[in-house]
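Have a look at the structure below before the remarks.
Predicted model only: the values in this text are computed from it and were never measured.
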Amino acid sequence: MSEEALPAVLEVAGLRSGYHGVTVLKDLDFTVRNEIFTVLGANGAGKTTLLATLARLIPLTAGTIRFQGEDVSALAPYRTAARGIGYVPQESGTFADLTVLENLKIGGMIGQRSREERIAEVFDLFPVLRKLQAQTAGTLSGGESRMVACGRALMQDPKLLLLDEPTAGLSPLYVDLFFDKIKEIHETRGVAIVLAEQNATKALEVADRVMVLSLGQAFAAQDAAEVTTQQLKEGYRI
Amino acid sequence: MTFDFLDSFLITGLFSVVMVTGLALLLHLQLGLTRIANFGVVGFWGIGMYVFGVLYVKVDWSFGDPYQFLVCAAIATIASGLAGLLVGWLIADLDTDGVLVVTLGFATAVQLVATAQDDITGGARGMGGLDFPFDIGKVKDNELLWLGFTMAVVAGILFYVWRVHRSPYGRHLIAVGANERLARSLGKSTSRTKLWLFVIASAAMGLLGAMNGVMVRFLDIGNLGIDITLAAMAGLILGGTARVWGAVVGVFLTVGVFDIVIQSYLPLPREWYTQAIPVMREAIFGLTLIIVLLFRPYGILGDMRRDSLMRKIHGR
Ligand SMILES: Nc1ncnc2c1ncn2[C@@H]1O[C@H](COP(=O)(O)OP(=O)(O)OP(=O)(O)O)[C@@H](O)[C@H]1O
Ligand SMILES: [Mg+2]
């Protein structure tokens with residue numbers, strides 16, 4: 001397969017992490033290339049824990065995370081962000097007291113390219129935000145603030161984007177729009193994406209490869225097209 | 001030009017308003033923008049005052065004023081900045097409760113040390129010997145000029161705070177205050193930003209402390225109690241923690257009313273001023289804090305930008 005030839009963006013080996021001595025993720029091994037890599041799993045499977053661990057917001061208790069060949073397992077979150085890992089959390093992904101424009105500006109604190117250029121790109125990707133730019137993020141609707149959160153992370157010019165259930169709680173129209181945007185971000189900017197999702201049908205449409213998480217353990221990552229209903233059922237323990 | 005209407009009560013009152021405004025402006029950066037409730041304002045201020053006083057009075061300088069003042073004040077400012085570095089480092093990963101305990105504990109420690117080291121600080125007896133770094137004639141003239149210098153410093157602080165509001169650094173402070181977890185993944189160290197804030201604000205509090213020492217010319221550990229922290233906090237919260245002008249407006253309405261209007265313009269019996277009024281002042285400031293926090297948590301001037309912004313957006 002041609003994908004196998006792509007260099008690894010993220011290599012995870014023997015990863016364990018959790019909260020206060022409770023291990024949530026148990027020995028995860030997977031590799032993300034320049035692709036849309038979807039992590040599927042039911043509520044409580046450990047998707048948020050995994051993404052927060054990759055963003056270095058939760059310490060790992062074992063294993064390694066390599067990003068573009070470099071071991072980032074022990075780096076502070078701001079350092080991994082500076083190296084090119086963008087993170088959009090499941091909840092509160094914006095700064096409520098700042099305006100939409102300020103949220104984008106603060107995302108662009110780092111990065112080489114002109115900030116105006118990057119802001120214009122975010123507005124092209126999410127045209128609604130152009131009109132809302134003077135509004136405080138705390139007063140936005142759910143869908144709007146997801147766009148701001150996503151735009152803010154893109155302002156960092158990431159090489160890898162961690163998206164935690166970006167469409168949870170959105171209306172079907174917004175869900176479709178968001179999945180289109182995710183594909184667009186990956187295809188036009190060449191950003192690798194790790195997408196945590198519950199919505200298997202939608203996620204399988206955009207994903208290149210899929211990993212099913214169940215109670216903190218992973219079923220081997222595989223091409224999205226080859227995932228069978230049986231595997232999903234096992235993953236979701238239906 | 002004569003300033004006959006300015007009697008020494010009025011000058012003292014104005015000085016107290018200016019001083020507390022300066023502290024409230026600095027506290028605004030910590031509490032208003034970054035949501036760090038620093039209850040140790042008096043600690044940093046007191047270190048500045050005492051380091052300045054002890055150096056000025058006890059050390060035999062080979063040069064006189066104004067250099068003696070400048071050198072002592074510079075060292076006092078640095079000392080408070082270093083205390084800010086220490087406290088900032090201690091509270092780096094603490095939540096609101098932790099910050100409260102550490103900052104309050106720090107301020108108490110400063111007072112205890114100043115009391116215990118009485119051979120250096122004069123302790124409970126107090127320490128005299130401080131003076132203005134100039135002499136232009138009568139005490140009142142000197143006080144008036146010193147009030148002018150202090151106003152200039154506080155105006156400088158106001159300008160700095162106003163600039164911070166519009167700078168990337170200020171945005172980072174607001175981001176840290178609004179959502180620290182998310183701010184940690186922005187690509188710039190939040191701990192460094194918070195530490196820098198504490199160093200700068202504490203150093204400036206120390207400078208104000210040194211300037212206060214010059215004005216009162218007598219150091220008294222009674223100044224190291226919670227009073228000035230409470231005054232700065234009550235003023236800031238009444239005016240509005242999130243706004244640059246909140247500190248100015250609020251301090252005028254609290255300290256201004258007490259130290260200027262009541263002290264100078266109400267025909268109250270003299271003995272009230274030494275006994276009842278200071279106690280009433282504390283009680284009313286405390287009460288103001290409680291009432292404002294209950295009924296209008298963003299103070300008179302309101303939330304950061306939300307009020308005016310929502311009016312603009314919805315045309316109200
Ligand atoms: N802060 C925390 N402290 C302790 N346990 C936690 C914490 N956060 C999550 N957990 C536990 O970790 C497990 C995994 O949670 P996680 O949030 O990663 O699941 P998820 O797959 O993201 O679920 P969802 O789809 O509902 O978002 C759950 O059992 C949860 O109870
Ligand atoms: Mg989750």
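Most heavy-atom pairs under 4.5 Å with chain A, from the set B:Ser191, B:Ser189, B:Ala178, B:Ser185: that is B:Ser189. Counting heavy-atom pairs closer than 4.5 Å to chain A, the top residue among B:Ala183, B:Pro168, B:Gly177 is B:Ala183. Ranked by heavy-atom pairs shorter than 4.5 Å toward chain B, the options A:Ala149, A:Gly93, A:Gly107 are led by A:Gly93. No other option in A:Arg152, A:Arg56, A:Arg83 has as many heavy-atom pairs under 4.5 Å with chain B as A:Arg152.
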- [ ] Go through the steps for A:Val72 and A:Arg66 under the test side chain to side chain contact (heavy atoms under 4.5 Å, CB included), then give the verdict.
- [x] CA-CA 6 Å; A:Val72 296; A:Arg66 302 180 78 81; over 6 Å; no
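A side chain to side chain contact (heavy atoms under 4.5 Å, CB included) with B:Leu31 is found for one member of B:Ile36, B:Thr241, B:Asn38, B:Leu26 and no other, namely B:Thr241.
Rounding to the nearest 0.5 angstrom, the gap separating the CD1 atom in B:Ile200 from the CD atom in B:Gln30 is 11.5 Å.
Between A:Phe126 and A:Phe178, the ring-plane angle classifies as tilted under the 30° and 60° cut-offs.
For A:Thr80, no part lies under 4.5 angstrom from a heavy atom of chain B.
Note: B:Phe106 and B:Phe39 fail the aromatic proximity criterion, with ring centroids not under 6.0 Å apart.
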